[in-house]
Structures are given as structure tokens and as C-alpha cells.
**Q** 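Okay, here's the structure, questions in a sec.
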Amino acid sequence: MARDFIARHVAELPKSGIRKFFDIVAQRKDVVSLGVGEPDFDTPWHISRAAVTCLEDGGTHYTSNLGMPVLRQAICRYLKRRFGATFDWQGETLVTVGVAEAIDLAIRAITEPGDEIIYHEPCFVSYAPTIRMAHGVPVCAETHARDSFRLTVRALEEKVSSRTKAILLNFPCNPTGATLSAADMKAIARFTLKHDLLLLSDEVYSELVYDGKPISFAAIPELKDNLVLLNGFSKSWAMTGFRLGYACGPRGIIDTMMKIHQYGIMSAPTLSQAAGVEAMDKGDSDVARMRAEYRRRRDFLVDALNRMGLKTILPKGAFYVFADIRSTGLSSEEFCLRLLNGHAVACVPGTAFGTCGEGYVRMSYATSMKKLQLAADRLSAFVSELS
Ligand SMILES: Cc1ncc(COP(=O)(O)O)c(C=O)c1O
């Protein structure tokens, strides 16, 4: 018999529950998809043009492993301007291939076999697998609708142990759209310091908040030695295909992340970095325009869901609605499969984001108003058929 070459800890990982679903969608043309977590907007042209200009100017070479100095400077200026956060572009800032790479690097830089990392569910699909691939132990703290899916210190206290090294969190949250208040963030910061942990804060949706000014853990000075900020360009600037992100944090950790990045990646794509400078320095009005449109769509979708009897709390951030489908009596997966097969609307079962997502369905409103209206009509027909 042929030798089994596959590493057991990787073989045991499940495939993403989102992809599984979208393999079905890809085979059908009539489907309206509320499934994909990616802006329907094209990247604002002046940002793409910066990449074209970079190419015309011969920008086809590697950059510094840490990322172009001009980009790191622009990122630090932006973080200061938007969040009042201070990071040194030399030594505290690393440019990565999307936030996905930044998450992976941060976890690999700090995890020794058996170290526990607390993360929250429902959450972005990569967290637990990434921790496992680094031989760490993912420890799940659940969030609930009764708390508007905010992560509470109570939930963290229940999960912390002598093996806990870090907390990995994401607010505004994919898939729930939940945000944290300034008081929630202060409480989590105090908890982090009390237990001497590292906070890994994935703030990729930080610009997409619909009430008040965006806030960041990086604006809490006491966290300076205990925080790695993970952020990027995919969502707020509609730049998913550029694959550009960054991490900011304590020098020793950034330097260690850089070592892994240096051996595995070398540097983020040069063209993308040039586009990133333009986005940081001149992208505020584009972000504001897209945010206003997402808000309009969110309000429409939540209202439509509530009117058809699917009680849904108004998400305060990101571009997802986490609709409560428990009144239908169907499981999340059954709901999504029947909706897809019978009414040609694609959503993602809440269980793709953790077992406590049962009873919920994620719908992305990063799609045109016309498609949202069509999806709402089809959803309404489906729900009335069930009652
Ligand atoms: C919470 C969260 N973090 C990270 C990512 C990955 O972002 P990027 O495209 O920057 O790698 C996503 C993408 O869906 C996400 O939702």
C-alpha cells in the first residue's frame, strides 16, 4: 500500500463550510448569491491606477521584506489619523499578503505546541484551523444573540487557563456583524493585561461601522506591549484581489513574524503595495461612499427579513446579516440547501462559523440593491411556503 504522506493534524482539519456550499452555486446560473464575503464594488480606479503606474515605472521587483517604507509610513499615518493609534513604521509594522497571512504569521510566531488561544465563535472560518496548523489548541468562547454577539469578559473568564497565551478576536465581526463598545474593549483590554496575554485583533472591517466613529484596540495605550493589530485593504477599500494586509505590534513579535514571512513569502506584491499607498492616503472618500451604500442595503435587508418573520437584530458593522431562522424549525444547513435548491438564493449556514451558529444564516449585503431585492422576494416566498 502506498505510504500516507499527509500530516495527520492537517488531514484532520475540515474543509471550509463556505467553499463546500459554493461549489454547488458555481454550477447554477440563476442563483442570487448573498454568500460571498467580498465587496461587489470594483477597486476605486485611482487606487488600481497606482498599481498600473507602478508597473509602468518598472515596479516589478521584490520590496523590503517588511514592505515598502512609503507604504508602512502611509499605514502608520492612517492609523494615527483614523484611530489615534501610534506605531513606528520601522520595526512595528509588517506588510502581508492579506489579513489572512497576518493572522497566520501572528499565530505561528507565538504558538508553542499545546499553547491555548481563545477565539470566539461564530467567527471567520480560518481561526481554529490556523491555530491547529501551528500546533496550538483553539479554545472557543461562544458569543450569543442575547449579548448582540459581543464577546464578554464573562465568556473569556470561563475559558482562560494556565496554558492560555493569546486571544484572537474580530470586531466588527464576520459573520455576525457585531461590534464592541468602547467599554467592552476596555474590559477586554483589562482582562488581557490581568492574565498577561497577547491580544490578536483582526480589524479588517474596522472602517465598516454604521454608528459613530470607528474604534480600534490599538487606541488603548495600556495594551501597547500586549496587542498585535491585524488589518488590511480587502474589505473597506474593495481590494480583495490585491491580497494586501498588515500587522502592527511589539517589535519582537513583528520581527519574528517577519522571519516567517521572509522565508515563506519574501514580500507582498509590489504592485499591490503601490495601490495600498494610494488607498491609505487618498481613499477616505471612497470608503465613505461604499459605507453609505452598505448601510442603505443593510437597512433594506434587515427590514425585509423582519417583515417576513425572520427576527434579525440590526448588525452594527461589517457587511453581513446573521438572520435568526429558528422560527422555521429548520436547521441552518437545511434552510440554506432548500433555499438554494428551491428558490435559487445562496446564503451560508451559521454552522459554517462554529456550532453555536446553529439556528442562524449569514447573508452578505455586499451585493447590488437590485439583487438584494430579488433575493428578499425569493426568501419571502420560501418562508411563507414553510409556514
Ligand atoms: C474576519 C476576517 N479576517 C480576515 C479575512 C481575510 O482577509 P484578507 O482578504 O485581507 O486576507 C476575512 C475575509 O473574509 C475576514 O472576514
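Counting starts at 1 for both ligands and their atoms, following the listed order.
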**Q** So is there a nitrogen or oxygen of Asp202 less than 3.5 Å from a nitrogen or oxygen in ligand 1?
**A**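 Min N/O separation from ligand 1 is below 3.5 Å for Asp202.
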
**Q** Can you tell me the protein heavy atom closest to atom 13 (C) of ligand 1 and the distance?
**A**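 Scanning the protein heavy atoms, the shortest distance from atom 13 (C) of ligand 1 goes to Lys235 NZ, 2.9 Å.
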
**Q** Pair Arg378, Asp30 - check salt bridge (charged side-chain N to carboxylate O under 4.0 Å, His left out), show working.
**A** CA-CA 12 Å; Arg378 292 183 184 178; Asp30 57 333; 5.6 Å; no

**Q** Given the side-chain rings of Tyr205 and Tyr320, with only the six-membered ring counted for Trp, is the space between their centroids under 6.0 Å?
**A**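 Yes, the ring centres sit under 6.0 Å apart.
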
**Q** Purely on distance, is any nitrogen or oxygen of Val99 under 3.5 Å from one on ligand 1?
**A**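 In this structure, Val99 places an N or O atom under 3.5 Å from an N or O of ligand 1.
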
**Q** Any nitrogen or oxygen of Arg243 lying under 3.5 Å from a nitrogen or oxygen in ligand 1? Just yes or no.
**A**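 Yes; at least one N/O pair falls below 3.5 Å.
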
**Q** How does Ala100 reach ligand 1, by side chain, by backbone, by both or by neither, if only non-hydrogen atoms under 4.0 Å count?
**A**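 Both parts.
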
**Q** Looking at Lys370, I'd like to know if its NZ atom is crowded, meaning that more than 12 non-hydrogen atoms belonging to other residues, nucleotides or ligands lie closer than 6.0 Å.
**A**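 For Lys370, atom NZ is not crowded (no more than 12 foreign heavy atoms under 6.0 Å).
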
**Q** Quickly, which of Gln262, Met257, Met258 forms a side-chain contact (heavy atoms from CB on, under 4.5 Å) with Leu66? Name it, please.
**A**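 When side-chain contact (heavy atoms from CB on, under 4.5 Å) is applied between Leu66 and each of Gln262, Met257, Met258, only Met258 qualifies.
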
**Q** Return yes if some donor-acceptor pair links the side-chain N/O of Thr130 with the main-chain N/O of Ser126 below 3.5 Å, else return no.
**A**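 The answer is yes, because a donor-acceptor pair under 3.5 Å joins these two groups.
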
**Q** Does any N or O atom in Tyr320 lie less than 3.5 angstrom from one in ligand 1, N or O only?
**A**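 No, there is no polar N/O contact under 3.5 Å.
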
**Q** Answer side chain, backbone, both or neither: which part of Glu101 comes under 4.0 Å from ligand 1, heavy atoms only.
**A**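 The answer is neither.
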
**Q** Using heavy atoms and a 4.0 Å limit, tell me yes or no: is Gly98 in contact with ligand 1?
**A**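 Yes, Gly98 has heavy atoms under 4.0 Å from ligand 1.
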
**Q** Mind checking whether His120 and Phe171 have parallel, tilted or perpendicular rings, split at 30° and 60°?
**A**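 It falls in the parallel class, under 30°.
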
**Q** Could you state the interatomic distance from CE (Met363) to SG (Cys336), rounded to the nearest 0.5 Å?
**A**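 Interatomic distance, Met363 CE to Cys336 SG, rounded to 0.5 Å: 7.5 Å.
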
**Q** If you have a sec, work out which protein heavy atom is nearest atom 9 (O) of ligand 1 and how many Å separate them, to one decimal?
**A**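 The closest heavy atom on the protein side is Ser234 OG, 2.6 Å.
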
**Q** Decide whether an N or O pair under 3.5 Å exists between Phe124 and ligand 1.
**A**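 Such a contact does not occur with ligand 1.
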
**Q** Please classify the Tyr205 to ligand 1 contact at 4.0 Å (heavy-atom distances, strictly less than): side chain, backbone, both or neither.
**A**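 Side chain only; the backbone of Tyr205 stays clear of ligand 1.
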
**Q** Do Tyr294 and Phe41 have ring centroids that are under 6.0 Å from one another?
**A**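 Yes - the distance between ring centres of Phe41 and Tyr294 falls below the 6.0 Å cut-off.
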
**Q** Is there at least one pair of N or O atoms, one from Asn174 and one from ligand 1, spaced under 3.5 Å apart?
**A**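 It does: an N or O of Asn174 is found under 3.5 Å from an N or O of ligand 1.
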
